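Note that the structure is a prediction, hence the values are computed from the model and not measured. Computed from heavy atoms alone, side chains included, the values below leave out hydrogens, waters and symmetry copies.
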Amino acid sequence: MKQSKAKKSLTPLPPSPRRSFRQWLTENRSTLIALLVCAVVFVVAFAYTHHDPDRIHEAQAEHSYAYERAQVLAVTKDTVSVDRYTTDAREIGTQTLLLRLLTGDHKGENVETNNYVSLFSSQKLKEGDKLIVIQEPQEDGSVALTVYMYDRIPAVIFVVLLFFVITTVVGGKTGLKSLLGLALTVVCIIYILCPMLMLGWAVVPATFLICVYVAVCSFVILGGIRRKTVCAMLSTVAGMALAGLFGFLAQKLTRVDSYALYDTSGSMLEALQQIQLQDIPLHLTGLLTGGILISSLGAVMDVAMSLASSMQELKAVNPDMSRKDLWRSGMNIGRDMVGTMTNTLILAFVGSSLVMILYLWALNPDSYQLLASRFFSVEVISGVSSSVGVVLCVPLSCLIGSIFFGSKKDD
């Protein structure tokens with residue numbers, strides 16, 4: 001005889017109360033005010049740096065050509081072959097291409113030009129390929145074309161969009177907010193910092209202000225105005241200041257400046273001097289320290305936010321935790337970060353200079369020659385200064401976090 005099982009009555013969970021729009025505004029009022037202030041600062045800075053765009057464009061126009069998109073209609077002649085002296089089977093030779101211009105004043109016209117394929121410039125093209133050409137107008141009204149490079153713009157856009165999709169799917173709202181912060185960083189560097197430097201601003205103060213603005217805006221977008229984000233903001237500003245100061249002192253000690261960045265060729269700096277606006281000198285000596293500030297920003301923000309979040313969680317688990325205990329716990333967490341973050345920064349600088357490192361190794365220079373070179377000094381200063389900013393950000397973040405989250409009662 002089967003016994004009937006008593007059915008358990010399940011009490012449904014009460015629906016989560018819905019917040020009205022007014023309640024949401026009240027709870028996020030400080031965050032919205034901070035975002036509004038950030039937007040106003042951006043508009044003012046953009047208006048200041050672009051109040052006379054024609055002046056900059058006129059200076060740039062004297063040293064630039066028109067770069068347009070084109071498509072290969074046919075390859076009328078091809079003498080490209082594999083260079084037997086190279087181990088990577090690189091091709092060299094000349095192609096005669098029939099191109100159709102896709103942009104510019106001569107859009108739709110067909111023009112024939114040569115594509116010189118070498119080991120280090122250009123590459124073999126086929127019918128249907130799209131490329132970037134340098135367009136030079138001639139006195140008779142025709143146009144002369146020079147093959148510049150394969151058109152990688154669609155592929156780059158695809159890769160960036162794929163990165164956005166992956167970040168959004170995995171990170172959700174937080175990933176989307178981080179992408180907004182990343183976009184703001186790129187926009188500020190290109191459309192605010194670069195024009196500021198062209199207008200004669202000193203590199204280090206201008207770069208530091210932009211980094212502070214980007215850090216504050218990114219933290220507000222990510223977490224709003226909370227004690228955690230304010231703690232991370234203060235720690236980031238302090239960490240970047242110390243990284244810049246250390247880099248400046250190391251730069252003076254080793255007697256290198258921004259011109260050492262281009263030890264083998266000063267063509268870029270010479271071009272900047274020529275493009276500079278009339279009566280407004282460019283301050284190029286601070287580019288090395290400015291680069292250190294920008295390169296250390298992301299790592300310092302990461303450490304500052306991670307420690308602030310960790311210390312807030314520690315306080316939530318143990319509300320009676322004293323400031324001294326919170327400091328000790330934060331330092332234990334921060335020490336684990338130091339080992340990985342400094343390694344990341346050093347390897348990033350080494351990776352970006354891998355070709356130069358291989359070249360120097362192949363030359364087998366004397367130890368004194370290598371260690372005293374400007375290239376070695378620049379790489380050491382850049383990597384070590386950024387790492388110093390991360391390392392010193394740990395105790396600073398722990399100190400600020402213990403003040404923000406710790407109990408006044410001390411053991």
Side-chain angles (χ1 to χ4, degrees), residues 60-166 186 190 261-272 275 347-363 375:
Q60 294 172 334
E62 297 177 0
H63 306 277
S64 62
Y65 301 99
Y67 291 83
E68 306 295 347
R69 298 180 70 235
Q71 185 174 15
V72 179
L73 295 180
V75 180
T76 58
K77 186 178 180 181
D78 192 342
T79 62
V80 177
S81 60
V82 176
D83 182 12
R84 60 188 180 91
Y85 296 104
T86 61
T87 57
D88 293 330
R90 297 285 295 181
E91 295 178 317
I92 59 174
T94 305
Q95 290 181 301
T96 302
L97 307 175
L98 179 62
L99 305 178
R100 171 167 292 173
L101 295 175
L102 302 178
T103 59
D105 298 334
H106 297 269
K107 178 180 179 181
E109 296 183 10
N110 298 338
V111 182
E112 193 173 64
T113 188
N114 291 326
N115 177 32
Y116 300 99
V117 182
S118 64
L119 296 178
F120 305 106
S121 62
S122 191
Q123 57 182 310
K124 186 175 181 179
L125 300 171
K126 62 181 183 298
E127 182 179 342
D129 283 347
K130 293 182 180 179
L131 63 151
I132 305 297
V133 295
I134 302 175
Q135 179 178 298
E136 296 182 67
Q138 305 297 306
E139 295 182 356
D140 58 358
S142 62
V143 58
L145 297 181
T146 302
V147 175
Y148 181 56
M149 64 178 60
Y150 178 76
D151 185 9
R152 301 179 177 88
I153 296 176
V156 171
I157 294 176
F158 173 77
V159 171
V160 172
L161 290 177
L162 185 61
F163 164 69
F164 283 179
V165 171
I166 294 174
V186 175
I190 296 177
L261 292 170
Y262 303 95
D263 193 284
T264 57
S265 173
S267 58
M268 292 186 183
L269 296 179
E270 291 175 1
L272 280 174
I275 297 175
L347 290 178
F349 282 103
V350 171
S352 63
S353 306
L354 184 58
V355 174
M356 180 61 73
I357 293 173
L358 180 61
Y359 171 73
L360 292 174
W361 184 89
L363 293 179
F375 166 77

Under a 4.5 Å cut-off applied to non-hydrogen side-chain atoms, are [X] and [Y] in contact?
X: V133; Y: Y67; result: no
X: Q71; Y: D129; result: no
X: T76; Y: E112; result: yes
X: L131; Y: M149; result: no

Minimum-distance pair of heavy atoms, taken over all atoms of V75 and E127: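 For V75 and E127, the tightest heavy-atom pair comes out as CG2-N, 4.2 Å.
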Closest contact, heavy atoms only, E136 versus T146: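 The pair with the smallest heavy-atom distance is OE2-OG1, 4.3 Å.
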Nearest-0.5 Å distance, CZ of residue R152 to CD1 of residue I157: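 Answer for the CZ-CD1 pair, R152 versus I157, is 14.0 Å.
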Sequence neighbours left out, cut at 3.5 Å: what donor-acceptor pairs do the side chains of residues 92-104 make with other protein atoms?
{"residue": "Q95", "atom": "OE1", "partner": "N115", "partner atom": "ND2", "Å": "3.0"}
{"residue": "Q95", "atom": "OE1", "partner": "L125", "partner atom": "N", "Å": "3.0"}
{"residue": "Q95", "atom": "NE2", "partner": "D78", "partner atom": "OD2", "Å": "3.4"}
{"residue": "Q95", "atom": "NE2", "partner": "L125", "partner atom": "O", "Å": "2.8"}
{"residue": "T96", "atom": "OG1", "partner": "N114", "partner atom": "OD1", "Å": "3.2"}
{"residue": "R100", "atom": "NE", "partner": "N110", "partner atom": "OD1", "Å": "3.0"}
{"residue": "T103", "atom": "OG1", "partner": "E68", "partner atom": "OE1", "Å": "2.6"}
{"residue": "T103", "atom": "OG1", "partner": "R69", "partner atom": "N", "Å": "2.9"}

Counterpart residues, side-chain hydrogen bond (donor to acceptor under 3.5 Å, both in side chains), relative to S81 (two or more places apart):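 Residues passing side-chain hydrogen bond (donor to acceptor under 3.5 Å, both in side chains) with S81: none at all.
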